[in-house]
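Everything on this sheet refers to the single structure shown next.
Computed from a predicted model, the values in this text were never measured in an experiment.
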Amino acid sequence: MPTSSLVKQVSDLDNFLQPSAFSRLPASFYTHLQPTPLPQPYAIAVSTPVAAQFNLDPALLLTPRYVEAFTGNCNIPGANPLASVYSGHQFGAWAGQLGDGRAILLGDAIDKHQQRFEVQLKGAGPTPYSRSGDGRAVLRSSIRELLCSEAMQALGIPTSRALAITGSDQGVMRETVETSAVVTRLAPSFIRFGSFEHWYYNNHPDELKILADFVIRHHYPEALEQPNPYQAFLSTVTQKTAELIASWQSVGFMHGVMNTDNMSILGLTLDYGPFGFMEKYDERHICNHTDQQGRYSYRMQPTIGHWNTHALGQALLPLIGSVEDTQLALDCYSPSFTNKWEALLRKKLGLLTIQNDDKELTDQLFNIMQENHADFTHTFRYLSHLENHVSSKDDDFISIFSNSQAAIDWLELYRARLVSEGSKAKERQSRMQASNPKYVLRNYLAQIAIEKAQNKDFSEVQKLLTILEHPFDEQPEHHLYSDEPPTWAQHLEISCSS
């Protein structure tokens, strides 16, 4: 039952929430509980696009009543809070039971397009799945999740969303004492690969089937038209996962912790922890300093995505019925990844046709990027400004390669490729600039915003949200936000601690 501090309602959110569809599953799938209040919460930032999507006034979200609601200090009408159970493989090893250790699902919200989203408070206090943790999220990681989920949305990459962050001066211990924060995040579903593994490895076939039927009914109804709906379900999830990771690779995004409990059953980018966007290109780059073996390095992400879909396939095997049918569903991973990756690269290079030597051309580009540790984002953005002939616009592109001759030689091959398809410079430049962002969430930008926020200046968080909302636009007034990291920030490290 709610504690007395949670009995009061936020009346002007009457139409925002309804009990989640997930809460209609049997009680074994979750635990009902209330968030744990935080003292004297305050507003930190709001995503204007998400607020608009749900017909919420961004200004009202900064007022005390809303801050109390989205910190978990009072009930929102229609909420039916719960934490879900799941399991998973972490760094390739079976970790057993996990679950929502600090995320509490409040209920479902319907957006202006009549699409249903689950609404969670991340950092809202301990749950039965916290495994001795405090159930809290810290300010720095909450800011990073808000900024990156909204940046990924603007880049066109499937992701969970973040509506707002609230904070409190209540301390929590990580490597040092930090302050608490709560992220209000949304997704059509937060069900993970590990949600299915939980029932498979605990030998609960009835619950496994209930969960699969629920996900198929709500999110993959087209699978019901197939001879083996569970096989069709696995095949579609495998394809979505492959295409998601190809999209990550195309902007140099590294998730950092691709455990099966962090993999979305809908093919969304989920659970932002020690992520990073590639700066100086190195295919072996590890963005999570906890990952000593490099399991989740940039070059390993496609392989790990494949591994994770096999883990899901194993969990669904009792429903699919045979190893052969399960493998058939998984076989689409490699072609799905390759097709998506090659299509994205053609867009990034402004190519309209497919030619036999395209792979050689792109491989050579990544080779010289590797040899020269060229900035990933700048490489493609500068390329998008080039003319079809040699001009002064080449200078920016060439300047990021220590071996300038290698860059010049590659440009000669690239221009020959453009000539072969009759490329028109202005049209190509426009297409490329719509595919190659000028602005990504570089670690140093997030760090500056975090340090200001730690001193109660939240303006930089909101400013970054605004800039990252339009990553493909020139935004000349914000040009400095596209710079490579300063010397002090070139070796920033991010860990799993959050």
**Message:** Working note: D134 + R174, criterion salt bridge (Lys or Arg N to Asp or Glu O under 4.0 Å); need CA distance, chi angles, decisive distance, verdict.
**Reply:** CA-CA 10 Å; D134 56 28; R174 297 299 183 260; 2.8 Å; yes
**Request:** Using the side-chain contact (heavy atoms from CB on, under 4.5 Å) rule, take L38 and V182 through it: C-alpha gap first, then chi angles, then the decisive distance, then the call.
**Result:** CA-CA 9 Å; L38 278 169; V182 177; 3.8 Å; yes
**Request:** May I have all residue pairs that pass ring-ring contact (aromatic ring centres under 6.0 Å, His included) and include part of residues 114-172, sequence neighbours excluded?
**Result:** F54-F117
**Request:** Go through the side-chain N and O atoms of Y296 and N259 and say whether any donor and acceptor fall under 3.5 Å apart.
**Result:** yes
**Worked check of side-chain hydrogen bond (donor to acceptor under 3.5 Å, both in side chains) between D331 and Q327** = CA-CA 6 Å; D331 284 346; Q327 187 58 53; 2.8 Å; yes
**Asked** Sequence neighbours excluded, which residues qualify as side chain to side chain contact (heavy atoms under 4.5 Å, CB included) partners of A151?
**Response** L468
**Prompt:** Counting only N and O atoms by type, is there a donor-acceptor contact under 3.5 Å from the side chain of Y333 to the main-chain atoms of P302?
**Reply:** yes
**Message:** Has Q231 got a side-chain atom pairing as donor or acceptor with D325's backbone, closer than 3.5 angstrom?
**Reply:** yes
**Request:** Would you sort out whether V138 and V172 count as a side-chain contact (heavy atoms from CB on, under 4.5 Å), showing the intermediate values?
**Result:** CA-CA 7 Å; V138 299; V172 290; 3.4 Å; yes
**Prompt:** Where the side chain of T466 meets the backbone of Q462, is there a donor-acceptor pair that is under 3.5 Å apart?
**Reply:** yes
**Request:** Taking atom CD of Q293 as the centre, report whether more than 12 heavy atoms of other residues, nucleotides or ligands fall under 6.0 Å from it.
**Result:** no
**Item:** Test salt bridge (charged side-chain N to carboxylate O under 4.0 Å, His left out) applied to E283 - qualifying residues, sequence neighbours left out
**Value:** R299
**Message:** Would you say that K209 contacts D213 through its side chain, given a criterion of any heavy-atom pair below 4.5 Å between the two side chains?
**Reply:** yes
**Prompt:** Who are the side chain to side chain contact (heavy atoms under 4.5 Å, CB included) partners of P205, not counting sequence neighbours?
**Reply:** N203
**Ionic contact status for R192 with D261, cut-off 4.0 Å** = no
**Request:** Measure from the side-chain N and O atoms of H255 to the backbone N and O of V257, and report whether any donor-acceptor pair falls under 3.5 Å.
**Result:** yes
**Prompt:** Hey, mind stepping through F29 and W199 against ring-ring contact (aromatic ring centres under 6.0 Å, His included) and telling me if it holds?
**Reply:** CA-CA 10 Å; F29 284 82; W199 302 116; 4.8 Å; yes
**Prompt:** Any donor and acceptor pair, going by atom type alone, linking the side chain of T71 with main-chain N or O of N73 inside 3.5 Å?
**Reply:** no
**Message:** Tell me whether E178 contacts the main-chain N or O of G171 through its side chain, where contact means a donor paired with an acceptor under 3.5 Å.
**Reply:** no
**Asked** Side chains of Y481 and K463: is there a donor and an acceptor less than 3.5 Å apart?
**Response** yes
**Message:** Would you say Q447 and R442 are linked by a side-chain donor-acceptor pair, where the criterion is simply a distance under 3.5 Å?
**Reply:** no
**Asked** Would you say E150's side chain and A162's backbone share a donor-acceptor pair under 3.5 angstrom?
**Response** yes
**Request:** Using ring pair (Phe, Tyr, Trp, His ring centres under 6.0 Å) as the criterion, list what pairs up with H470, not counting sequence neighbours.
**Result:** none
**Message:** Parallel, tilted or perpendicular: which one describes the rings of F275 and Y272, with boundaries at 30° and 60°?
**Reply:** perpendicular
**Complete:** Contacts of H285 meeting ring pair (Phe, Tyr, Trp, His ring centres under 6.0 Å) (sequence neighbours excluded), chain-then-number -> none
**Prompt:** Can you list the residues that meet the side chain to side chain contact (heavy atoms under 4.5 Å, CB included) rule with L82, with sequence neighbours excluded?
**Reply:** S20, F22, S23, Y30, H32, L105
**Prompt:** Got P77 and L17 here, is their nearest side-chain heavy-atom distance under 4.5 Å?
**Reply:** no
**Asked** Just how far is it from atom CZ of R24 to atom CG of N80, taken to the nearest 0.5 Å?
**Response** 10.5 Å
**Item:** Contact check, side chains of I76 and F70, non-hydrogen atoms, under 4.5 Å
**Value:** yes
**Fill in**
Applied to residues 221-244, the ring-ring contact (aromatic ring centres under 6.0 Å, His included) test, sequence neighbours excluded, yields F196-F233, Y220-F233
**Message:** Holding to ring pair (Phe, Tyr, Trp, His ring centres under 6.0 Å), I want the full list of residues that pass it with F472, two or more places apart in sequence or in another chain.
**Reply:** none
**Item:** Pairwise side-chain contact, V85 with Q97, heavy-atom cut-off 4.5 Å (strictly under)
**Value:** yes
**Request:** For the residue pair S459 and D457, confirm or rule out a side-chain donor-acceptor distance under 3.5 Å.
**Result:** yes
**Prompt:** Quick one: are I157 and T269 in side-chain contact, heavy atoms under 4.5 Å?
**Reply:** yes
Can you give each donor-acceptor pair under 3.5 Å made by side-chain atoms of residues 87-96, sequence neighbours left out, with the distance rounded to 0.1 Å?
unit_1 : atom_1 : unit_2 : atom_2 : d
S87    : OG     : G96    : O      : 3.2
S87    : OG     : H198   : ND1    : 2.7
H89    : ND1    : E197   : OE2    : 2.6

**Request:** Please name all residues satisfying side-chain hydrogen bond (donor to acceptor under 3.5 Å, both in side chains) with Q475, sequence neighbours left out, ordered by chain then number.
**Result:** H478
**Asked** Out of curiosity, T260 OG1 to H310 NE2, how far, rounded to the nearest 0.5 Å?
**Response** 14.5 Å
**Asked** Hey, does the side chain of T236 reach the backbone of A232 with a donor-acceptor pair shorter than 3.5 angstrom?
**Response** yes
**Asked** Considering only heavy atoms from C-beta outward, does the side chain of I304 approach that of Q301 to under 4.5 Å?
**Response** no
**Prompt:** With a 4.5 Å heavy-atom cut-off, do R185 and L163 have their side chains touching?
**Reply:** no
**Asked** Among side-chain atoms of N55 and K112, is any donor-acceptor pair under 3.5 angstrom?
**Response** no
**Prompt:** Among side-chain atoms of S250 and W341, is any donor-acceptor pair under 3.5 angstrom?
**Reply:** no
**Prompt:** Does A21 offer a backbone N or O that forms a donor-acceptor pair with the side chain of D108 under 3.5 Å?
**Reply:** yes
**Fill in**
Only one of H219, H218, Q18 passes side chain to side chain donor-acceptor pair (under 3.5 Å) with R116, and that residue is Q18
**Request:** Would you check, one step at a time, whether the test side-chain contact (heavy atoms from CB on, under 4.5 Å) holds for Q34 with N75?
**Result:** CA-CA 9 Å; Q34 291 290 339; N75 281 342; 3.1 Å; yes
**Prompt:** Charged N to carboxylate O under 4.0 angstrom, R161 versus D111?
**Reply:** no
**Q170: partners by side-chain hydrogen bond (donor to acceptor under 3.5 Å, both in side chains), with sequence neighbours left out** = none
**Prompt:** Does L98 reach the side chain of R131, with side-chain heavy atoms less than 4.5 Å apart?
**Reply:** yes
**Prompt:** Hey, does the Lys NZ or Arg CZ of K456 hover above the aromatic six-ring of Y42, less than 6.0 Å from the centre and inside 45° of the axis?
**Reply:** yes
**Request:** Using modelled atom types only, decide if a donor and an acceptor are shared between the side chain of D100 and the backbone of I104 within a distance under 3.5 Å.
**Result:** no
**Message:** With side-chain contact (heavy atoms from CB on, under 4.5 Å) as the criterion, how do F337 and Q249 come out once you've worked through the C-alpha distance, each side chain's angles and the decisive distance to 0.1 Å?
**Reply:** CA-CA 10 Å; F337 175 86; Q249 301 294 103; 4.2 Å; yes
**Message:** Using a 6.0 Å cut-off, check whether atom CD of Q40 has over 12 heavy atoms from anything other than its own residue.
**Reply:** no
